[in-house]
Number of protein chains: 2
Amino acid sequence: MIDRFLMKLRARDEIGPEEEQALRDAISDVRDVPADQVVIRAGQEMTVCTLLLDGLMCRYKDLAGGQRQISELHVAGDFADLHSFTLKRLDHNILALTPCRIALAPHERIAEITERLPHLTRMLWFSTNLDAAIHREWELSLGRRTALARVAHLFCELQIRLGIVGLADETGYELKLTQTDMAECLGLTSVHVNRTLKELREGGLVEFRNWRVTILDQRGLEQAAEFNPDYLYLDQQPR
Amino acid sequence: MIDRFLMKLRARDEIGPEEEQALRDAISDVRDVPADQVVIRAGQEMTVCTLLLDGLMCRYKDLAGGQRQISELHVAGDFADLHSFTLKRLDHNILALTPCRIALAPHERIAEITERLPHLTRMLWFSTNLDAAIHREWELSLGRRTALARVAHLFCELQIRLGIVGLADETGYELKLTQTDMAECLGLTSVHVNRTLKELREGGLVEFRNWRVTILDQRGLEQAAEFNPDYLYLDQQPR
DNA sequence: CGGGTGTTTGACCCAGATCAACTGGGGTGG
DNA sequence: CCACCCCAGTTGATCTGGGTCAAACACCCG
C-alpha cells in the first residue's frame with residue numbers, strides 16, 4: 001500500500017524493516033477522491049498528511065484575475081502535504097487532477113516517528129526538501145526557459161519520477177493531464193502549450209496523445225530541456 | 001550571534017532555553033565572506049550548514065545560455081542551506097551578494113539535535129519548509145504575475161522578512177541589491193526592472209534609490225502585488 | 001444524436017526583450 | 001587634484017515570444 005512511497009525513499013537511502021513497519025503503522029485510513037476535487041484548501045488547519053497511492057494531484061495557487069499557477073505535480077508514492085506536519089496549515093490548495101486513492105497519516109503518528117526514529121525522521125524531512133528542489137527547478141523553468149524547453153523539461157522530470165515507482169519506462173508513460181493543466185504548471189496558455197507540443201512532435205522528440213507521453217528521442221528531448229536530473233537526488237546516500 | 005535566527009523562529013513558535021543553548025552549541029565557527037563570492041557550489045559534498053548573520057545571499061541556478069535564475073534571497077537570520085543536512089549536496093549555488101558574516105553548524109551537531117530534541121528538530125524542519133513556501137510564492141510570481149506585481153511583491157516580502165529580524169520598519173529598509181540581481185530574482189531583464197521601478201516610483205508606491213527601499217504607500221503596494229503574507233507563516237503555533 | 005470537454009488552428013496584439021547609447025558617481029593612479 | 005575608468009542606472013527605438021480572441025474539430029458518453 002505504501003509500497004510506492006518506500007520505492008521512492010529507497011531510491012535515496014536504505015530503509016530498515018523497523019522503519020518500514022513504522023511507516024505502515026502511520027497510516028490510519030485509505031480513501032478515494034474523485035477527479036477535480038480540491039482535497040485541501042489553503043489556510044485550513046491540518047492534522048493529517050496525505051500520501052498519494054494512485055492518481056495525479058497538484059499544489060496550486062490562484063491570483064484574483066482567475067489565473068492559476070501549479071507549483072508541483074504529485075505522482076503515486078508522493079506525500080502531497082507532508083510539509084503540513086510542521087506548517088500546520090498550507091499556503092496553497094491541493095487538487096486531485098484524476099480520480100485518486102489516498103492514505104492518511106495523522107500528525108500524531110508522524111510526531112511519534114520524530115520521537116523514536118531519527119533516521120526515518122530525516123528521510124521524511126528529506127522528502128519535503130526534495131519537493132523544494134523541484135520547486136527551485138520549476139522556478140528556473142518559469143523564469144528563464146523558453147516554452148519549448150519548459151514542456152520538454154516537464155516530460156523529462158515526470159519520466160524519472162514515474163520511473164522510480166514503476167509507472168514509466170524508456171518508451172514513455174501514461175499522463176492524465178490536460179493541456180490546460182500543463183499550461184498552469186508551465187506559466188503558459190493552453191493555446192501555446194498546444195503549439196509547443198506540435199513543435200516537439202514534428203521535431204521527433206516526444207508525442208503526447210491519448211493521455212500517453214511517448215518519448216521519441218530521449219537524448220534530444222533532454223538537450224532541448226537542458227535537463228539535468230541532479231535535482232531529483234537519485235543517488236543512494238546515508239541521510 | 002544566532003539572535004536573528006532565534007527571532008525568526010520565535011516569530012513562529014516558542015523556543016525554550018535548552019533549545020536555545022543547543023542552537024548556540026551547534027555553531028562551530030564564524031567567518032566573513034566577501035561580496036560576489038560563490039560560497040557553495042552545486043553538487044559539492046556538504047558537511048556543515050551556513051547561517052547568515054549579516055549581509056545578503058542568494059540561491060541560484062544557471063542555464064547554458066548564461067541566463068541565471070535566483071530562487072531565493074537570504075537575509076540575516078536565515079540558514080542559507082539547512083536543507084543540505086538531509087540532501088548532502090545542493091542542486092543550486094549559493095552566492096554572497098554583499099559582504100557577509102556567516103556562522104557554520106556542522107551536520108553532526110544538527111544530527112545530535114535530531115536525536116535529542118524533537119521539537120527543535122521540527123522547528124528546523126519547519127524552517128526548510130518555509131523556504132519551500134517562499135519558492136512556491138515565487139513560482140506564482142514567475143509564472144503569472146506582471147512585471148510590476150513581481151517587483152512590488154518582492155519589496156513586500158522583504159519588508160516582512162527583514163522586519164522580523166529588526167532590519168525593516170513601516171517606512172522601508174536597506175537593500176544592497178542591483179537591478180540586475182533583482183531581474184535575476186524576478187525572471188526579467190535589468191532594463192525592464194529599471195522601467196518598472198520608475199513606474200512604481202511615479203505611481204507613488206515605492207522608491208528604490210541609494211540601496212534603500214522607501215515604502216511610500218504600503219496599502220497600494222500590497223494591492224499592486226496581490227500580496228498576502230500567509231505564506232510566511234507569521235502565526236505563533238505549537239509546531 | 002446532442003452537448004460537454006479537450007484540442008487544434010488562424011489572425012492579430014502586446015508585455016517585456018533586445019540593442020544601443022548615454023549619464024553619473026566613486027575609486028584610483030599619475 | 002584631475003583624468004580616466006568602471007559599474008550601475010537610465011532612456012529610446014525596435015523586435016518577438018507568447019498571449020488573446022475566436023472559430024472549428026473530435027471525441028466521448030449518455
Side-chain angles (χ1 to χ4, degrees), chain A residues 34-37 56 63 65-70 95-99 141-154 174-203 206-214 224-225, chain B residues 34-36 56 63 65-69 97-99 141-154 174-203 206-214 224-225:
Chain A
D36 301 320
Q37 181 164 118
L56 200 59
L63 287 180
Q67 303 165 95
R68 172 170 299 186
Q69 181 62 43
I70 294 176
L95 175 71
L97 292 165
T98 67
S141 277
L142 291 165
R144 296 297 180 205
R145 277 192 252 256
T146 63
L148 189 90
R150 285 184 216 187
V151 175
H153 195 279
L154 182 63
E174 184 188 76
L175 184 66
K176 286 245 176 59
L177 203 61
T178 68
Q179 293 181 8
T180 302
D181 295 333
M182 284 192 53
E184 289 172 353
C185 292
L186 300 171
L188 300 169
T189 57
S190 61
V191 171
H192 201 64
V193 165
N194 182 279
R195 293 192 225 272
T196 306
L197 287 171
K198 183 182 181 182
E199 201 181 336
L200 285 166
R201 191 188 326 127
E202 292 177 348
V206 238
E207 188 162 20
F208 180 38
R209 274 186 44 216
N210 299 126
W211 314 112
R212 186 177 163 83
V213 176
T214 306
Chain B
D36 301 318
L56 200 59
L63 287 181
Q67 303 165 96
R68 172 170 300 187
Q69 181 63 42
L97 292 165
T98 66
S141 277
L142 291 165
R144 294 300 181 203
R145 277 192 252 256
T146 63
L148 190 90
R150 286 184 216 187
V151 175
H153 196 279
L154 181 63
E174 186 188 73
L175 184 66
K176 286 245 176 60
L177 202 61
T178 67
Q179 293 181 8
T180 301
D181 296 331
M182 284 192 52
E184 289 172 353
C185 293
L186 300 171
L188 300 169
T189 58
S190 62
V191 172
H192 200 65
V193 165
N194 182 280
R195 292 192 226 272
T196 306
L197 287 171
K198 184 181 180 182
E199 201 181 335
L200 285 166
R201 193 188 323 127
E202 292 178 348
V206 239
E207 189 161 19
F208 180 38
R209 274 186 42 217
N210 300 125
W211 315 112
R212 188 178 161 80
V213 177
T214 306

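Naming convention: chains lettered A, B, ... in sequence-line order (proteins, then strands); numbering from 1 in each chain.
Between T98(B) and W211(B) the shortest side-chain heavy-atom distance does not fall below 4.5 Å. Between L148(B) and E199(B) the shortest side-chain heavy-atom distance falls below 4.5 Å.
E184(B) places its CD atom 15 Å from the C1' atom of dA17(C), with the value rounded to the nearest Å. For K176(B) and dG26(C), the NZ to C1' distance is 15 Å, given to the nearest whole Å. dG6(C) atom C1' lies 14 Å from atom CE of M182(A), rounded to whole Å. Following rounding to the nearest Å, L177(B) (CG) and dC7(D) (P) show an atom-to-atom distance of 18 Å. With rounding to whole Å, L142(B) atom CG is found 14 Å from dG16(C) atom C1'. The distance from atom CG of L97(A) to atom P of dT5(C) is 16 Å, rounded to the nearest whole Å. Atom CG of L186(B) and atom P of dA17(C) are 10 Å apart (whole Å). One can place CG of L197(B) at 11 Å from P of dT11(D), the figure rounded to the nearest angstrom.
Distance check: M182(A) CE to L197(A) CG gives 5.0 Å after rounding to the nearest 0.5 Å. R145(A) contributes atom CZ, which lies 9.5 Å from atom CZ of R150(A) (distance to the nearest 0.5 angstrom). In this structure, CD in E174(B) is found 8.5 Å from CZ in R212(B), a value given to the nearest 0.5 Å.
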Only distances under 3.5 Å count here; give the side-chain donor-acceptor pairs of residues 187-195 of chain A to other protein atoms, sequence neighbours excluded, each with its distance to 0.1 Å.
residue : atom : partner : partner atom : Å
T189(A) : OG1  : H192(A) : N            : 3.3
N194(A) : ND2  : Q179(A) : OE1          : 2.9

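Between Q179(A) and dT5(C) there is no side-chain polar atom (N or O) within less than 4.0 angstrom of OP1 or OP2. Within the 4.0 Å cut-off from OP1 or OP2 of dT8(C), at least one side-chain nitrogen or oxygen of N194(A) is found. OP1 or OP2 of dT8(C) has not a single side-chain nitrogen or oxygen of K198(A) nearer than 4.0 Å.
Residues that satisfy the side-chain hydrogen bond (donor to acceptor under 3.5 Å, both in side chains) test with T214(B), not counting sequence neighbours, are absent from this structure.
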Reading nucleotides 18-30 of chain D from 5' to 3' and marking B where a protein heavy atom lies under 4.0 Å of the base, S where only the sugar-phosphate is that close, and - otherwise, the string is BSBB---------
